[in-house]
Amino acid sequence: MPYGTVHFNYRTGSGNFLLSEVEKDELLSKDPGVAPYVRPYYSAQDYLHLIPAEKEAERWCLWLKDMPLSEMIKYPFVMDRVQKVREMRAASKAASTREYANKAHLFRQIAQDKDVPCLLVPRVSSERRSYVPIGFLKAGCIVSDAAFLVPDATLYDFAIITSRMHMAWLKVVCGRLEMRYRYTRDMCYNTFYWPEAATEQQKEKIEAEASTVLEIRDRYKDCSLATLYNPETMPYELLQAHRKLDSAVEKAYGRKFTDDAERVAFLFEKYSELIQPKPQ
């Protein structure tokens with residue numbers, strides 16, 4: 001079963017927490033004291049299409065969770081944004097949203113309680129890709145509700161989630177948006193059978209191959225992940241690195257598979273075993 005736990009943030013603020021690059025720069029030039037509460041903000045599209053060599057983030061957000069009220073009231077811009085969130089929530093037809101009007105400085109749902117690195121998993125990805133582009137964000141980055149995140153994820157977590165085994169499971173159990181894969185926490189991540197019998201030596205090999213995948217991606221800082229994982233433009237060395245990672249992961253499951261049908265049949269068998277009632 002999963003080692004980490006998948007979550008997502010949900011802001012319910014009609015965009016009032018969000019800042020463009022220009023808005024961010026203008027705010028910080030006028031009120032530099034707000035800087036600790038302005039964070040890089042990533043939706044799945046932001047993450048997939050960002051070119052690392054050009055900028056750190058496409059968008060930014062006000063992350064006021066740890067900002068004292070005594071400090072918040074010093075900044076008219078921040079207070080104006082909070083007031084707009086309050087008004088939007090108070091006017092909602094949903095009682096559950098109206099309840100959050102008195103917490104207008106906060107995202108409605110917060111999955112990132114601590115500033116730790118996280119693994120970003122897009123909730124929707126093209127069916128043309130062999131692998132869903134998944135990756136790490138540094139501590140302090142905020143993920144939108146268009147993506148799942150695994151807080152404080154390990155290299156091993158990344159390796160298993162990006163493996164062919166997990167991709168085969170995803171393609172069968174997840175729904176679709178048009179033809180694109182719609183990743184889900186409950187149907188995909190929480191039901192996926194992890195290689196529980198993996199030895200320490202096997203885990204080290206898996207992590208080494210995962211490191212190679214990330215190192216190769218880092219060589220292409222002038223390319224977005226959307227480009228790197230497009231089947232027509234994916235670098236051959238990246239594809240080969242993924243295949244070596246796939247092989248290392250499958251060895252941890254204790255067998256070799258000839259195709260995705262065999263992978264999925266094996267995973268369904270293991271899932272059935274997991275949900276069988278325990279003898280009393």
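These numbers come from the heavy atoms of this one structure, side chains and all, not from hydrogens, waters or symmetry mates.
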State which residue, out of Arg39, Glu23, Glu21, fulfils the side chain to side chain contact (heavy atoms under 4.5 Å, CB included) condition with Trp60. Glu21
Minimal non-hydrogen separation, Cys188 against Val173, with atom names: CA-CG2, 3.9 Å
Nearest heavy-atom approach of Glu209 to Ala248 is CG-CB, 4.2 Å
Keeping the roles fixed (side chain from Arg180, backbone from Val124), state whether a donor-acceptor pair exists under 3.5 Å. no
Is the Trp63 ring parallel, tilted or perpendicular to the Phe107 ring (thresholds 30°, 60°)? perpendicular
Between CD1 on residue Ile216 and CG on residue Leu239, distance to nearest 0.5 Å: 10.0 Å
Looking at Arg255 and Lys251, would you say the former's side chain and the latter's main chain have a donor-acceptor pair under 3.5 Å? no
Given the rule that I, L, V, M, F, W and Y join up when any side-chain heavy atoms are under 4.5 Å apart, are Val172 and Leu274 in one cluster? yes
Audit row: Val213, Leu238, side chain to side chain contact (heavy atoms under 4.5 Å, CB included) steps and yes/no: CA-CA 6 Å; Val213 169; Leu238 179 58; 4.0 Å; yes
Criterion side chain to side chain contact (heavy atoms under 4.5 Å, CB included) on Tyr189 and Ile161, from CA distance to verdict: CA-CA 8 Å; Tyr189 187 86; Ile161 297 173; 3.6 Å; yes
Has the side chain of Arg123 got a donor or acceptor atom that lies under 3.5 Å from a matching backbone atom of Arg182? no
For the residue pair Tyr229 and His242, what are the closest heavy atoms and their distance? OH-NE2, 2.7 Å
NZ/NE/NH1/NH2 to OD/OE distance under 4.0 Å, Arg263 and Asp260: yes
Roughly how far, to the nearest 0.5 Å, is the CG atom of Leu18 from the CZ atom of Arg81? 8.0 Å
Can you measure from CE (Met165) to CD1 (Ile160) and round to the nearest 0.5 angstrom? 9.0 Å
Quick one: does Asp218's side chain have a donor or acceptor within less than 3.5 Å of a partner on Glu215's backbone? no
Under a 4.0 Å N-O cut-off, is there an ion pair linking Lys270 with Glu196? no
Looking at every heavy atom in both Thr154 and Phe136, which two are closest together, and how far apart are they? O-CZ, 3.5 Å
Tell me whether the count of non-hydrogen atoms from other residues, nucleotides or ligands lying under 6.0 Å of NZ in Lys24 goes above 12. yes
Around atom NZ of Lys244, are there more than 12 heavy atoms of other residues, nucleotides or ligands at under 6.0 Å? no
Heavy-atom side-chain contact between Leu62 and Leu27 under 4.5 Å: yes
Measuring only between side-chain heavy atoms, which start at C-beta, is Leu48 closer than 4.5 Å to Ser224? no
As an exercise, state the distance from CZ of Arg108 to NZ of Lys103, rounded to the nearest 0.5 Å. 11.0 Å
Kindly give the heavy-atom pair with the smallest separation between Ser92 and Ala94, and that separation in Å. OG-N, 3.0 Å
In short, Pro151 meets Cys118 closest at the heavy-atom pair CA-CB, 4.0 Å
Less than 4.5 Å apart, side chain to side chain, heavy atoms only: is that true for Ser163 and Asp246? yes
Between Tyr47 (side chain) and Gly135 (backbone), is there a donor-acceptor pair under 3.5 Å? yes
Side chain Thr162, main chain Ile134, donor-acceptor under 3.5 Å: no
Below 4.5 Å, heavy atoms only, C-beta onward: do Thr233 and Leu228 meet side chain to side chain? no
Looking at Pro68, is its backbone amide N or carbonyl O close enough to the side chain of Glu71 to form a donor-acceptor pair, meaning the two atoms are under 3.5 Å apart? no
For Tyr131, is the NZ or CZ atom of Arg164 found under 6.0 angstrom from the centre of its six-membered ring and inside 45 degrees of the ring axis? no
May I ask you to decide if Leu225's main-chain N or O and Arg217's side chain share a donor-acceptor pair within less than 3.5 Å? no
Option from Tyr253, Tyr183, Phe158, Tyr181 for which ring pair (Phe, Tyr, Trp, His ring centres under 6.0 Å) with His166 holds: Tyr183
To the nearest 0.5 angstrom, please state how far the CG atom of Asp222 sits from the OH atom of Tyr220. 9.0 Å
For Lys256, does the NZ atom sit with more than 12 other heavy atoms under 6.0 Å from it, leaving out its own atoms? no
Could you check whether Ser43 and Asp46, counting side-chain N and O atoms only, form a donor-acceptor pair closer than 3.5 Å? yes
With rounding to the nearest 0.5 Å, note down the distance linking CD in Glu127 to CZ in Arg129. 9.5 Å
Hey, are the side chains of Phe268 and Trp169 touching, using non-hydrogen atoms and a 4.5 Å cut-off? yes
